[in-house]
Protein chains: 2
Amino acid sequence: MGHTMREVAKRAGVSPATVSRVLNKTRYISVETQRRVLEVVRQLKYFKNVHARRLATGRSDLFGLVISEIANPYFPEVIRGFQAAAWDRGFDVILCNTQYDQARTKSILRKLIESDVRGVAVMTSSIDKATASELIDAGIGVVFCNVGPAGKLVSTISIDYQRGIEQAIEHIVGLGHRRAAVIAGPGDNRTAITIKDALVAGLKKRNLNPFPVINSNYRVDAGASAVRAMLSTTDKPTAIFCGSDLIALGAMSALEEAGAGIPEDISVIGIDDISFAFLARPPLTTIRVPRERVGTTAFEALDRMLKLKRRKGADYYLETELVVRRSTATAR
Amino acid sequence: MGHTMREVAKRAGVSPATVSRVLNKTRYISVETQRRVLEVVRQLKYFKNVHARRLATGRSDLFGLVISEIANPYFPEVIRGFQAAAWDRGFDVILCNTQYDQARTKSILRKLIESDVRGVAVMTSSIDKATASELIDAGIGVVFCNVGPAGKLVSTISIDYQRGIEQAIEHIVGLGHRRAAVIAGPGDNRTAITIKDALVAGLKKRNLNPFPVINSNYRVDAGASAVRAMLSTTDKPTAIFCGSDLIALGAMSALEEAGAGIPEDISVIGIDDISFAFLARPPLTTIRVPRERVGTTAFEALDRMLKLKRRKGADYYLETELVVRRSTATAR
DNA sequence: CTGAAAGCGCTTACAG
DNA sequence: CTGAAAGCGCTTACAG
């Protein structure tokens, strides 16, 4: 605790109200008075107290961003996008990771409500709508990802995996593949299910009966062990569609270990295009999710919704797109 | 803004003070009164307002964590460690990324001071001691990484690269290498300089005259272009020590592109052991920096320092260690 | 263009 | 074991 506005006011020979107005530029104050006030502020190295301000105004300049695990390479760009959008408009963000922990999730929600955030972006499936209803009850806007539909105080962002998946399947078919497998994410994860269903449906539509179709988790080693199981069967796939890049990287690792050539013997397709996808050798072909835009869109969705009288949410859609990477060595 | 403590008090037939005491467990309150209060809290879905609390207590439960860029894979574990340590003790953290931007850095510092944080962990070289002095002036404790020495309100964490580097050099010498190059980080980055000096000194000590020694930046493509320049010379190195894993991954990528075999033709050593190091093919041999411990130590350093009368800081040391990874394919 | 005063929603000595 | 009251440091109608 340093100085207070009162001290600044006294030294500048004005009232606290005037200091407040100068600092917040909330009213025209004579140039001379401004100068005096700012001079004292500089001398004293005065900073106003944001807690007092928030209490006095009764509205906070805070938004929450909830993710599951910061080490998951899906999130950095989402965070950056959200934060940038919030900062641009003068808002601050509280970043929370659930770590997939129930107790922690509870305490995050409490903390967010106590902090009187205006809105919360829930970018992980580790919190569902029911859990987040505490936020809604408190009058806080929420935006979800891949959980519909919108409603009062609820907006959604839906990532359209369809398009990227179709492109990927065309790509694989064009390469002459006839046997495709699917390693999906966790069976209890909504996004993972959506992706799996889209993959299976898309493959069937092209008369490729996907087999096997495995549920995995989002850790790299899970992709690897799924592949090991797959390779011990007789009817081996020639292409593997993975529910995320991490799964794909694990799959590639296991394939290499088993001596299978990629893409000569088998093709692997991921989803997300995490920033490390291009480092994989051979480079990972994947379906890009516009993660930074997921973040900015999430903020904008909240911001817009909260400006509406009825605070009725909306649904936003973001496209995916196939990214084909060739080994630069091969490409020359 | 939902209900207030006053409303809860009225409904429960007690005074606001009692409600406060029940909720904060700051005094013994009769079981019956507690029950009544908590019942009303539940009914009303009451949450206390943290801003009012912070203003009233006059001390915040906030710590700042400053990094440069969230997409840099060095940071996630640091963040996780810091956050976990803070949460464990009931503190919250404000995460800020400078994005290497001066104006943004300024505004981060202001925000941190206005938020009345108790301490700030500055985990990026993009803020130096002079810049951070604003925090110290405001009575806020600071912990730096690889910037010494400690002082009033200043603690430091020093990562001892020496040990890992010596192990790495022994390893390389043991493999029969005689010509080593160094691709260091940016020449204006203190940590990068420390690492470079340690590498050069260590190599000389083993009678390996490092050549060339190049300054790069921490982006992957920089490592790649450094290698390209290197390969066009006559006296090619057989081992390349890189100032970070990202540089090393870029270097490996350029080597592959040029048709050089790793490690048959040339060995590459990174620093950090980012979580993706093991995905590189061939797997990246690197010097591990205990990043999660950097985070927890940073918090503990602040916490301890702030409990001292004189708030005199201390220096903490963290060891590094060589991690040799063999391609699993080769290992069988 | 500026000030006096009330109020934001808590906490905490002080008193009983 | 509990309450009345002052105070935390701002902001903002209201008034002039």
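Just so we're on the same page: letters track the sequence lines, and every chain starts at 1. Given the structure is predicted, the values throughout are model-derived calculations rather than measurements.
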Trainee: Got a second to check how far B:Asp61's CG is from B:Arg118's CZ, nearest 0.5 Å?
Mentor: 7.5 Å
Trainee: At under 4.0 Å, does any side-chain N or O of B:Thr18 touch on OP1 or OP2 of D:dG3?
Mentor: yes
Trainee: Check this one for me: any side-chain N or O of B:Ser15 less than 4.0 Å away from OP1 or OP2 of D:dG3?
Mentor: yes
Trainee: What residues from residues 24-31 of chain A pass a heavy-atom cutoff of under 4.0 Å to DNA chain D?
Mentor: A:Asn24, A:Arg27
Trainee: Rounded to whole Å, how long is the line connecting atom NZ of A:Lys10 with atom P of C:dA4?
Mentor: 13 Å
Trainee: Using only atom types and a distance under 3.5 Å, with no angle test, would you say the side chain of B:Arg291 pairs donor to acceptor with the backbone of B:Tyr74?
Mentor: yes
Trainee: Can you tell me the distance, in whole Å, between the CG atom of B:Leu23 and the C1' atom of C:dT11?
Mentor: 12 Å
Trainee: Show every ring-ring contact (aromatic ring centres under 6.0 Å, His included) that has at least one partner inside residues 27-72 of chain B, sequence neighbours left out.
Mentor: B:Phe63-B:Phe91, B:Phe63-B:Phe299
Trainee: Rounded to the nearest angstrom, tell me the gap between atom CG in A:Leu55 and atom P in D:dC8.
Mentor: 13 Å
Trainee: In the structure I gave you, are the side-chain heavy atoms of A:Arg104 and A:Thr98 within less than 4.5 Å of one another anywhere?
Mentor: no
Trainee: If we only count heavy atoms from C-beta on, is the A:Gln83 to B:Asn97 side-chain gap below 4.5 Å?
Mentor: yes
Trainee: From C-beta outward on B:Lys48, which listed nucleotide comes closest to its side chain: C:dC10, C:dA4, D:dC10?
Mentor: C:dC10
Trainee: Going by salt bridge (charged side-chain N to carboxylate O under 4.0 Å, His left out), name the residues that satisfy it together with B:Arg36, two or more places apart in sequence or in a different chain.
Mentor: B:Glu32
Trainee: If the C1' atom of D:dG16 is compared with that of D:dT12, how far apart are they to the nearest Å?
Mentor: 16 Å
Trainee: Does a nitrogen or oxygen in the side chain of A:Tyr46 sit under 4.0 Å from OP1 or OP2 of D:dC10?
Mentor: yes
Trainee: Quick one: which of C:dA4, D:dT2, C:dC10 gets closest to the side chain of B:Arg21?
Mentor: D:dT2
Trainee: Nearest to the B:Ala56 side chain among C:dC10, D:dC10, D:dG9, which nucleotide is it?
Mentor: C:dC10
Trainee: Select one nucleotide: of D:dA5, D:dT12, D:dC10, the one nearest the side-chain heavy atoms of A:Ala17.
Mentor: D:dT12
Trainee: Between atom CG in A:Asn49 and atom P in C:dC10, what is the gap in whole Å?
Mentor: 17 Å
Trainee: Nearest-Å distance, CZ (A:Arg6) to C1' (D:dC10)?
Mentor: 10 Å
Trainee: Considering only heavy atoms and no angle criterion, is a donor-acceptor pair shorter than 3.5 Å present between the side chain of B:Arg54 and the base of C:dG9?
Mentor: no
Trainee: Output the rounded distance in Å from CZ (A:Arg59) to P (D:dT12).
Mentor: 9 Å
Trainee: Go nucleotide by nucleotide along DNA chain D from the 5' end; which of B:Pro16 and A:Ala52 gets its closest nucleotide reached first?
Mentor: B:Pro16
Trainee: Please report, to 0.1 Å, the donor-acceptor pairs under 3.5 Å made by any side chain of residues 132-144 of chain A, with sequence neighbours excluded.
Mentor:
unit_1	atom_1	unit_2	atom_2	d
A:Ser133	OG	A:Ala130	O	2.6
A:Glu134	OE1	A:Lys106	NZ	3.3
A:Asp137	OD2	B:Lys45	NZ	2.8

Trainee: What is the distance from CG of A:Asp116 to P of D:dC10, rounded to the nearest Å?
Mentor: 19 Å
Trainee: OP1 or OP2 of C:dT2 versus the side-chain N and O atoms of A:Thr33: is any pair under 4.0 Å?
Mentor: yes
Trainee: Rounded to the nearest 0.5 Å, how far does CD of A:Gln34 lie from CG of A:Leu23?
Mentor: 10.0 Å
Trainee: Rounded off to whole Å, could you give me the CZ-to-C1' distance for the B:Arg36 and D:dG3 pair?
Mentor: 14 Å
Trainee: Using a 3.5 Å limit for the pairing distances, which stems of at least 3 consecutive Watson-Crick or G-U wobble pairs does DNA chain C take part in?
Mentor: C:1-3 with D:14-16, C:5-12 with D:5-12, C:14-16 with D:1-3
Trainee: Does OP1 or OP2 of C:dT11 have a side-chain N or O of B:Ser20 closer than 4.0 Å?
Mentor: yes
Trainee: Across the strands shown, which category fits A:Val14 at heavy-atom distances under 4.0 angstrom: base, sugar-phosphate, nothing?
Mentor: sugar-phosphate
Trainee: Taking A:Ser155 for the side chain and A:Ala314 for the main chain, is one N or O donor matched with an acceptor at less than 3.5 Å?
Mentor: yes
Trainee: If I take atom CE from residue B:Met123 and atom CG from residue B:Asn146, how far apart are they, to the nearest 0.5 angstrom?
Mentor: 9.0 Å
Trainee: Suppose we screen for side-chain hydrogen bond (donor to acceptor under 3.5 Å, both in side chains). Which residues come up paired with B:Thr131, at least two apart in sequence or across chains?
Mentor: B:Asp128
